[in-house]
2 protein chains.
Amino acid sequence: MNNTNYPEYEQPAVTVDLVIFTVSAEKLKALLVKRAREPYAGSWSIPGGFLKLGESLDDAAVRVMHEKTGVKEVYLEQLYSFGRPERDPRTRVITVTYIALIPWQDLVQPESGKVTDLGWFDVNELPGLAFDHREILVYAVNRLRAKATYSNIVYGLLPVQFRLSDLQKIYEIITDHPLDKRNFRKRMLATGLLKETGKKELTGAHRPAMLYCFKKREYVLME
Amino acid sequence: MNNTNYPEYEQPAVTVDLVIFTVSAEKLKALLVKRAREPYAGSWSIPGGFLKLGESLDDAAVRVMHEKTGVKEVYLEQLYSFGRPERDPRTRVITVTYIALIPWQDLVQPESGKVTDLGWFDVNELPGLAFDHREILVYAVNRLRAKATYSNIVYGLLPVQFRLSDLQKIYEIITDHPLDKRNFRKRMLATGLLKETGKKELTGAHRPAMLYCFKKREYVLME
DNA sequence: CCAAAAGTGTTATTGATACACCCATGC
DNA sequence: GCATGGGTGTATCAATAACACTTTTGG
């Protein structure tokens with residue numbers, strides 16, 4: 001024993017892994033990284049990295065987010081910690097996972113042009129994933145679905161200004177249920193979280209839509 | 001670098017800490033341990049321990065629970081992972097925290113007879129706590145409050161058989177709101193999660209109450 | 001017969017759901 | 001003028017909330 005009462009035996013490694021969501025082309029998608037090295041070389045995995053000793057868990061999540069997407073200001077929420085002893089074949093690794101939400105419009109190069117080791121995948125058509133990353137991703141999708149129904153979490157998937165039909169579409173994609181347009185609008189406006197911008201959408205061969213924004217871009221429980 | 005692609009620099013320590021709840025004497029209480037050693041020697045803290053390399057996070061939680069209460073079969077749920085670099089003054093420690101619920105009646109020696117380094121504290125009258133344990137405890141209470149309103153989580157605080165008034169009292173204590181007796185009973189029976197046992201409470205100078213139990217003692221969402 | 005907790009229904013209010021047509025624009 | 005999505009109101013139904021007295025037992 002040392003005099004600090006801390007164990008001297010080996011400690012597990014700690015990583016921070018992210019399930020980064022966006023919505024595009026009517027699909028809920030997650031960002032995956034193709035692994036370059038063993039184990040699971042060539043497999044897709046969710047992005048992550050080792051926790052550095054000086055940084056908090058949240059800081060590590062922000063760092064990984066920035067490394068993979070170039071974006072810093074996003075919705076981030078700790079999801080769960082996974083730590084089965086066998087989840088990494090080499091050594092003991094505890095992973096603290098996060099959900100991140102990013103508006104499709106904020107991505108620097110949508111559909112990852114020439115970068116082939118990064119890809120956005122429809123969460124309903126996932127490739128084989130390394131480690132226990134499928135379990136993590138499924139857990140994240142369930143959490144996102146649940147929170148969409150009782151919070152304004154989807155603001156993280158929308159640009160600053162949006163049409164009510166954009167908002168409705170996001171809800172429909174995440175929960176996979178169609179919504180009634182009139183009831184949806186009534187309910188959303190009743191929350192008091194939205195504000196008309198006064199501006200109108202210009203493009204499109206149809207009546208232009210009022211653009212709305214969230215009064216505060218922060219997580220709030222609804223209803 | 002080694003050939004496993006794992007960092008050779010120092011890893012943080014990983015602990016598993018528990019917020020163990022019970023309800024007694026009309027109060028929601030948490031189990032605290034008086035620290036024997038520095039840092040925070042003499043302060044109260046939530047029970048916990050270092051993760052062993054061969055055990056899962058859940059296994060570690062069960063182990064700590066058993067060590068402190070002598071009880072193994074309890075409701076356990078992972079709460080959150082805390083990892084501010086300065087949260088332990090000596091070295092980097094990530095803690096994965098859990099909530100545990102235990103029926104007062106299951107405790108071997110209620111009000112911890114001669115054991116003075118363990119104590120049950122009203123969550124509204126907490127002593128000074130070591131590390132960031134106050135933050136963790138407050139977080140746990142909020143989670144328990146929230147879940148009480150939309151799940152049957154309170155089964156973990158009740159013995160196998162109980163009166164509907166016991167159930168109501170638990171809800172009132174956790175949420176700190178009085179409930180209407182008739183509406184409460186209607187709503188609870190409507191969930192279909194309860195079953196009459198046929199037995200009746202015997203003690204007491206009043207009409208004996210029907211005893212109920214949960215059809216399944218497992219976590220279910222309500223409403 | 002008194003104290004103590006158990007048990008039991010109805011009404012009013014509120015929120016949720018279902019549903020169909022006209023409007024403004026670009027081409 | 002036609003195709004496209006934008007925008008609006010009412011009626012029904014379901015869930016929730018408010019509310020007070022009778023019953024059974026022990027002492």
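For the numbers below, each heavy atom of this structure counts, side chains included, while hydrogens, waters and symmetry mates do not.
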Give a yes or no answer on whether the side chain of A:Thr149 reaches the backbone of A:Ala146 with a donor-acceptor pair at less than 3.5 Å. yes

Atom-to-atom span, CD of B:Glu201 to P of C:dA5 - whole angstrom: 10 Å

Between C:dA6 atom C1' and B:Leu202 atom CG, what is the distance in whole Å? 15 Å

What is the distance from CG of B:Asp166 to C1' of C:dA5, rounded to the nearest Å? 11 Å

Please report the interatomic distance CZ(A:Arg145) to CD1(A:Ile153), rounded to the nearest 0.5 Å. 13.0 Å

If a pair satisfies salt bridge (charged side-chain N to carboxylate O under 4.0 Å, His left out) and one of its residues is in residues 171-186 of chain B, list it, with sequence neighbours excluded. none

Please list every donor-acceptor pair under 3.5 Å in which a side-chain atom of residues 125-137 of chain B meets a protein atom from a residue at least two apart or in another chain.
residue	atom	partner	partner atom	Å
B:Asp132	OD1	B:Arg87	NE	3.3
B:Asp132	OD1	B:Arg87	NH2	2.9
B:Asp132	OD2	B:Arg87	NE	2.7
B:His133	ND1	B:Ile46	N	3.1

Are B:Tyr80 and B:Tyr139 near enough that their ring centres are under 6.0 Å apart? yes

Enumerate all atom pairs, one protein N or O and one N or O from nucleotides 8-17 of chain C, separated by less than 3.5 Å.
residue	atom	partner	partner atom	Å
C:dT10	O4	B:Lys186	NZ	3.0

Relative to the 5' end of DNA chain D, which residue comes earlier, A:Pro208 or B:Gly204, by the nucleotide with the nearest heavy atom? A:Pro208

Does A:Asp58 have any side-chain hydrogen bond (donor to acceptor under 3.5 Å, both in side chains) partners at least two apart in sequence or in another chain, and if so, which? A:Tyr98

Interface limits on DNA chain D, where chain B has a heavy atom under 4.0 Å of a nucleotide atom: D:dA17 to D:dG26

In this structure, how many angstroms lie between the P atom of C:dA6 and the CG atom of B:Leu211, rounded? 11 Å

Using distance only, find each side-chain donor-acceptor pair of residues 199-209 of chain A under 3.5 Å and give its atom names and separation, not counting sequence neighbours.
residue	atom	partner	partner atom	Å
A:Glu201	OE1	A:Ala209	N	3.0
A:Glu201	OE2	A:Arg163	NH1	2.8

Rounded interatomic separation in angstrom, taking CG from B:Leu189 and C1' from C:dG7: 11 Å

Flag, side chain of B:Thr22 to backbone of B:Trp104, donor-acceptor distance under 3.5 Å: yes

